[in-house]
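Following: one structure in structure tokens, then a few remarks.
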2 protein chains.
Amino acid sequence: MSVAKDFATRLDERIAALDNPSLLGLDPRLDYLPKHLQAKAEAKNGSAPEKSAAAILDFNCEILEALKDIVPAVKFQSAYYEAYGASGKECLRNSLKFARQLGYLSIVDAKRNDIASTAEAYCRAILGQSEVIGGESYTPLGADALTLNGYLGSDGIEPFLKYCREAGKGCFILVRTSNPSAGELQDLILEDGRRVYEAMGDLVARWGTAVPGKTFSSVGAVVGATWPRQAIALRQRMPQQIFLIPGYGAQGGGADDAVAGFNQYGRGGIVNASRSLMLAWQKEGGSGLDFAAASRREAIRMRDDLRRALAHR
Amino acid sequence: MSVAKDFATRLDERIAALDNPSLLGLDPRLDYLPKHLQAKAEAKNGSAPEKSAAAILDFNCEILEALKDIVPAVKFQSAYYEAYGASGKECLRNSLKFARQLGYLSIVDAKRNDIASTAEAYCRAILGQSEVIGGESYTPLGADALTLNGYLGSDGIEPFLKYCREAGKGCFILVRTSNPSAGELQDLILEDGRRVYEAMGDLVARWGTAVPGKTFSSVGAVVGATWPRQAIALRQRMPQQIFLIPGYGAQGGGADDAVAGFNQYGRGGIVNASRSLMLAWQKEGGSGLDFAAASRREAIRMRDDLRRALAHR
């Protein structure tokens, strides 16, 4: 397979082109959708899960269309699609296809962790193609990148690294998460003085080095935005990692915290917002007929907030 | 929801009834299937992924049928089904349905890890039902249990525990895995002298206590069989956990190692074998026309091997 550019370079360039390190999180639930989308889906033929997935696909596509010149990348949380079985899987596949056509870089937030041939199956499932009967190949999702959990060590990461290298894809490995209880395991202190999450960060830095001549590795790190001091320290440990930073907006983190882990040139991070972008229409009030326009207004506000934070730090 | 019995009791009783702590792992790939199943699927109508999923469903169902009076439970590795997209999801759903009808307890090996509403979505996706348009509910998979990764701490586990408690379901949390590099993170020594995996074991023991009057918790632990001394020590830390023990057969562990973590009454463990059971027909030689009978012969051999190891330790 010949690939023009590695994932990290593609993502870095697209962030630079839009001057916006935002990541649109599409983690849809039926109760997030305005009534008119549900009614439209209900009038269609098909099973109840098919109708539900159709409503979610409409929701995703309208938001993707409205934000395409503002936001460089989109992250789909796998759980919300898995909850609708085969229909949900097809919805995710079509959402990814539409996002690609509009120029977004795409990440599936799956937090997978497995070894050997199982890890390879996940690569095919989320990033690549599967061989199918008749000698054809089938693309189940075809995302640009996925999230991983490194608890299993190198065996649970290297099959993904190999696949990403060969196919120009990327991954983001959990280092320090943003949830309140993250520290129960991640903050434990090792006998050498490091915290568990710092040991994980050191592993990630070892797993992911940039292509010669490039700034960033296609092996990134998930680093929670609610812990800015940790983010600054982790940047020292992982100079070549792009940080995927959750926790902006509805989860509570502000722009100044979110950009704390960016490098000295204001690069190397992408800040996720899910509910604040998906549910902007609820915050604005009204029936949600113009939900995608509300998401666009919020995406512009978030972009400008991040630009300001990067300019003033 | 009213549930007659908790998951741990159901599993423990079924293991006792068949006097066999084996777990059938169904992690199918097309190249594991005998040629006649592929040819049968090729002759069907449908897309290439649909045909591939149909061949895998046939393979699963024949093995499940052949082992139903020997093996108490089945574990499906999610990755292999995800690799065929929506068709793979439907194949997993139908395999689970068939396994339930035959009396197997079912585990989806998904190693999920996420928080809050995302964790709840995974519960619906793998164990329960989703609400769909029209007010109906839909069962995407409906498994009895799933595997989890506890790196996120309590926030990443408690939504699953709540769901399991209310619905009579179970989970198995990764503590010490059996892969060669598992120790890179899991064996690091903490300043209090514990290893990281022991700290995880202590968390799991805290998360999962048995229902009053019962021996085992429905919150189990994944404990690699290639490390028997660790398994014995972990049994002390986790007296109420059922251990899911990978690594028997093709992955290298023997029966004596596999049962090391069982309690003093020879209970509290279930030993997985995937390739050695699925691919028994290849080991025996021949065309694979009687692949399910070969799996049965191997399942009986494994059962007797585990019985012997439990009797002689």
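All values reported here derive from a predicted model rather than from experimental measurement. Convention: sequence-line order gives letters A, B, ...; per-chain numbering from 1.
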Closest approach of B/Q241 to B/V219 (non-hydrogen atoms, all atoms of both residues): NE2-O, 2.9 Å
Output the option from [options] having the highest count of non-hydrogen pairs under 4.5 Å with chain A.
options                : answer
B/G153, B/P49, B/G183  : B/P49
B/A199, B/S117, B/G150 : B/S117
B/V132, B/D109, B/D155 : B/D155
B/A121, B/G134, B/S181 : B/S181

Who wins among [options] for the most heavy-atom pairs under 4.5 Å with chain B?
options                        : value
A/N113, A/L185, A/D114         : A/N113
A/G128, A/A79, A/P140, A/G85   : A/A79
A/R194, A/E120, A/E184, A/E136 : A/E184
A/Q38, A/M200, A/Q186, A/R29   : A/Q186
A/D192, A/D27, A/L188          : A/L188
A/R112, A/K51, A/E50           : A/R112

Contacting region of [X] [heavy-atom separation from chain A under 4.5 Å]:
X      : value
B/E82  : both
B/S87  : neither
B/Q77  : side chain
B/Y138 : side chain
B/I189 : both

Less than 4.5 Å to any heavy atom of chain B: does that hold for the side chain of [X], its backbone, both, or neither?
X      : result
A/R206 : side chain
A/Y197 : both
A/S47  : neither
A/L174 : both
A/L152 : both
A/Y122 : both
A/A55  : side chain

Ring centre gap for A/F291 and A/F59 strictly below 6.0 Å: yes
Close side-chain approach of [X] to [Y], heavy-atom, < 4.5 Å:
X      : Y      : answer
B/Y248 : B/N272 : no
A/V175 : A/M238 : yes
A/K75  : A/L24  : no

Carboxylate-amine/guanidinium contact B/K162 B/E158, below 4.0 Å: no
Between CD1 on residue A/I126 and CD1 on residue A/I107, distance to nearest 0.5 Å: 12.5 Å
Spatial distance of atom CG (B/L30) from atom OG (A/S130) [nearest 0.5 Å]: 8.5 Å
Sidechain-backbone polar pair: B/T147 side chain, B/A110 backbone, donor-acceptor under 3.5 Å: yes
Chi angles and distances behind the salt bridge (charged side-chain N to carboxylate O under 4.0 Å, His left out) call for B/E90, B/R93: CA-CA 5 Å; B/E90 203 58 26; B/R93 183 173 193 247; 3.6 Å; yes
Residues B/D144, B/R100; criterion salt bridge (charged side-chain N to carboxylate O under 4.0 Å, His left out); working and verdict: CA-CA 9 Å; B/D144 292 305; B/R100 263 197 305 279; over 6 Å; no
Residue pair B/T118 / A/Y80, side-chain donor-acceptor N/O under 3.5 Å: yes
Heavy atoms from other residues, nucleotides or ligands near CG of B/D31 exceed 12 (cutoff 6.0 Å): yes
